[in-house]
Trainee: 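This is the structure I want to talk about, given as structure tokens.
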Protein chains: 2
Amino acid sequence: MDTRTALLDSAERAARQRGFDAFSYADLARDVGIRKASIHHHFPVKADLAFGLIERYAARFSEALTDIGNTYDTGAEKLRAYHQTYRNALADGSQLCLCVSMSAGRDSFAEPVLDQLNQFHEDSVAWLTQVIQQGIADGTISGVTAADADAQATLALMEGAQLMARAASSLSPFDKATQAFLDRLV
Amino acid sequence: MDTRTALLDSAERAARQRGFDAFSYADLARDVGIRKASIHHHFPVKADLAFGLIERYAARFSEALTDIGNTYDTGAEKLRAYHQTYRNALADGSQLCLCVSMSAGRDSFAEPVLDQLNQFHEDSVAWLTQVIQQGIADGTISGVTAADADAQATLALMEGAQLMARAASSLSPFDKATQAFLDRLV
DNA sequence: GTCTATAGACTGATAGAC
DNA sequence: GTCTATCAGTCTATAGAC
């Protein structure tokens, strides 16, 4: 495998488990099997690594949402798949999805990284708004008054539920927090 | 003011704005106006400071919930006051409440701190469950199927909404995300 | 593209005087 | 309880050989 990719993989794992500021180039070097200095060839400064991570993540997530849109028909089915994506990212409660991790530690990031992060949030809300509107139209989601507010609430719920699950090192707070959301779907 | 209190105040401000691992004893010393070494007299190691922070926060929050219980009558009024507490903590979107901040950076903490954190979450859910049940009984909250799941969802929503507001440095994601929650209250 | 070697800054923490 | 002085360890980052 490509060294750059191996570095991104290792960094993503570390960032999701321990936070972006909690791993060092030394950790990365140990994990990937090269020397610290070699990492700087691929990511001159750590901000480049942060940007590389969020960039790849946003691209992958965007693909995943497109896949969900193509695979499922009803609004409810798509929202269940979206929920499952966040649930899977938790694993056994030991890691967050990268965007929650980076949202939480946002102070160490420079403008370009924050822009990507906020763009990701906006894209998510836009996708959710569309899917919720479809769910209203096809009658597979109940209890919605404003689709865009509901979309923002859904994203906040997923991210918050991840945070609590991780604090407890258990999936159950996530499942309990998202139960009512799932119950609104046919 | 007590030096210990001044240190806790400064540390809380820093933890909420930049994260617990993002401030140092040097920062604290500068802010409070004493020398680094003196801080170790009050908090021998940084873990003691973490514990002191969450301990004081949990005690204060518990008091605040009791106050809300005593001040307001209906379930809806109490939930609106609870929501306002989280909104106020954000200020202009530049800081998190301490428990979101510490949940986010939980990897740097030892068992006693994590116990306090999880206890805080459990206490919050217990209080919310009770208030939501009251709201069902007095008819001031609608759309609840299971009070305990709704309580966990409410906590996750508040924490997630804070995270998004802070990422955007703006209150509006918080307001949008919690709009539907408020709309369910009479 | 990877290496050795090193710089310079900062970290939490300690010893011991006052 | 606060100070000066200092420690060993870590961090990101760079220079330059191969």
Side-chain angles (χ1 to χ4, degrees), chain A residues 1-56 98 101-102 104-114, chain B residues 1-56 98 101-102 104-114:
Chain A
M1 180 175 34
D2 189 34
T3 302
R4 188 192 143 90
T5 305
L7 286 169
L8 283 174
D9 288 348
S10 175
E12 179 166 334
R13 227 175 300 128
R16 290 175 53 188
Q17 282 176 3
R18 315 200 302 275
F20 185 80
D21 290 327
F23 73 87
S24 67
Y25 273 32
D27 298 327
L28 237 51
R30 208 175 302 119
D31 194 38
V32 170
I34 57 172
R35 297 289 166 164
K36 279 198 300 176
S38 309
I39 303 177
H40 288 278
H41 172 74
H42 301 278
F43 303 99
V45 299
K46 212 185 173 189
D48 296 321
L49 179 56
F51 190 82
L53 278 182
I54 188 75
E55 187 184 40
R56 188 177 74 161
L98 188 67
S101 162
M102 293 188 100
R106 62 136 267 161
D107 254 296
S108 40
F109 303 126
E111 216 57 47
V113 176
L114 290 179
Chain B
M1 179 172 40
D2 189 35
T3 302
R4 189 191 142 91
T5 305
L7 287 168
L8 283 173
D9 288 349
S10 176
E12 179 167 334
R13 227 174 301 128
R16 290 174 54 187
Q17 283 176 0
R18 316 200 299 274
F20 185 80
D21 290 325
F23 73 87
S24 67
Y25 272 33
D27 298 327
L28 237 51
R30 208 174 304 118
D31 194 36
V32 170
I34 57 172
R35 296 288 166 168
K36 274 201 306 176
S38 310
I39 303 176
H40 288 277
H41 172 75
H42 302 277
F43 303 99
V45 299
K46 212 185 174 188
D48 297 319
L49 180 56
F51 190 82
L53 278 183
I54 187 76
E55 187 184 38
R56 188 178 75 161
L98 189 66
S101 162
M102 293 188 101
R106 61 138 266 160
D107 254 294
S108 40
F109 302 126
E111 216 57 48
V113 176
L114 290 179

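Order of the sequence lines fixes the chain letters, A, B, ..., with proteins taken first and strands second; residue numbering starts at 1 for each chain. Treat the numbers as computed from the prediction; the structure is a model and nothing was measured.
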Trainee: Output yes when at least one side-chain N/O atom of A:S38 is less than 4.0 Å from OP1 or OP2 of C:dG1, else no.
Mentor: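 Answer is no, no contact under 4.0 Å.
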Trainee: Within the structure, does a side-chain N or O atom of A:T3 lie under 4.0 Å from either OP1 or OP2 of C:dG1?
Mentor: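 Result: no.
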Trainee: Choose from C:dC3, D:dT12, D:dT4 the nucleotide whose nearest atom is closest to any side-chain atom of A:K36.
Mentor: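 The answer is D:dT12.
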Trainee: With respect to the side chain of B:R35, which nucleotide from C:dG1, C:dA13, D:dT4 is positioned closest?
Mentor: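 Nearest nucleotide to the side chain: D:dT4.
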Trainee: Is the shortest heavy-atom distance from the side chain of A:Y25 to the side chain of A:H40 under 4.5 Å?
Mentor: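 Contact flag for A:Y25/A:H40 side chains = yes.
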Trainee: Within the structure shown, what part of the strands sits under 4.0 Å from A:F43 by heavy-atom distance: base, sugar-phosphate, or nothing?
Mentor: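 The residue A:F43 makes no contact with any strand.
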Trainee: In whole Å, what is the span from the CG atom of B:L28 to the P atom of C:dC10?
Mentor: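 Roughly 17 Å, once rounded to whole Å.
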Trainee: So if I take every side-chain heavy atom of B:H42 and compare against D:dG1, C:dT11, D:dC11, which nucleotide ends up nearest?
Mentor: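 Among D:dG1, C:dT11, D:dC11, the one nearest the side chain of B:H42 is D:dG1.
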Trainee: Quickly work out the A:Y25 OH to C:dA9 C1' distance and round it to whole Å.
Mentor: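 The answer, rounded to whole Å, is 17 Å.
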Trainee: Can you measure A:D21 atom CG to D:dT10 atom P for me and round it to whole angstrom units?
Mentor: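 My rounded result for the distance is 18 Å.
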Trainee: Given atom CG of B:D48 and atom C1' of C:dA13, what is their separation to the nearest angstrom?
Mentor: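 So the two atoms are 12 Å apart, to the nearest Å.
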Trainee: To the nearest Å, give me how far apart NZ (A:K46) and P (C:dA9) are.
Mentor: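 My rounded result for the distance is 20 Å.
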Trainee: Tell me the interatomic distance from A:M1, atom CE, to C:dG1, atom P, rounded to whole angstroms.
Mentor: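 The answer, rounded to whole Å, is 15 Å.
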Trainee: Please tell me if the side chains of A:F23 and A:L49 come closer than 4.5 Å, counting only heavy atoms from C-beta onward.
Mentor: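 Yes, close enough: below the 4.5 Å cut-off.
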Trainee: Tell me the closest heavy-atom pair linking A:D27 and A:A22, and the distance in Å.
Mentor: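 Scanning both residues completely, I find the closest heavy atoms to be OD2-O, 4.1 Å.
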Trainee: When you check the phosphate oxygens OP1 and OP2 of C:dA15, does a side-chain N or O of B:H40 lie under 4.0 Å from one of them?
Mentor: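 Checking C:dA15 against B:H40, no side-chain N or O comes under 4.0 Å of OP1 or OP2.
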Trainee: To check you understand the geometry: which heavy-atom pair defines the closest contact between A:L53 and A:L8, and what is its length?
Mentor: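 So the two residues come closest at CD2-O, 3.5 Å.
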Trainee: Looking at the side chain of A:D27, which of C:dA15, D:dC11, C:dA5 is the nearest nucleotide?
Mentor: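 Within the option list, the nearest is D:dC11.
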Trainee: Do the side-chain N or O atoms of B:S24 get closer than 4.0 angstrom to the phosphate oxygens (OP1, OP2) of C:dC10?
Mentor: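 Indeed not, no polar side-chain atom of B:S24 lies that close.
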Trainee: Say whether, by atom type as modelled, one donor and one acceptor occur between the side chain of B:K36 and the main chain of B:S24 under 3.5 angstrom.
Mentor: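 Such a contact is absent between B:K36 side chain and B:S24 backbone.
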Trainee: To the nearest Å, how far apart are A:R30 CZ and D:dT10 C1'?
Mentor: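 A:R30 atom CZ is separated from D:dT10 atom C1' by 11 Å.
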Trainee: Is the distance from OP1 or OP2 of C:dC3 to the nearest side-chain N or O of A:H41 less than 4.0 Å?
Mentor: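 So the side chain of A:H41 is outside the cut-off, no N or O lying under 4.0 Å from OP1 or OP2 of C:dC3.
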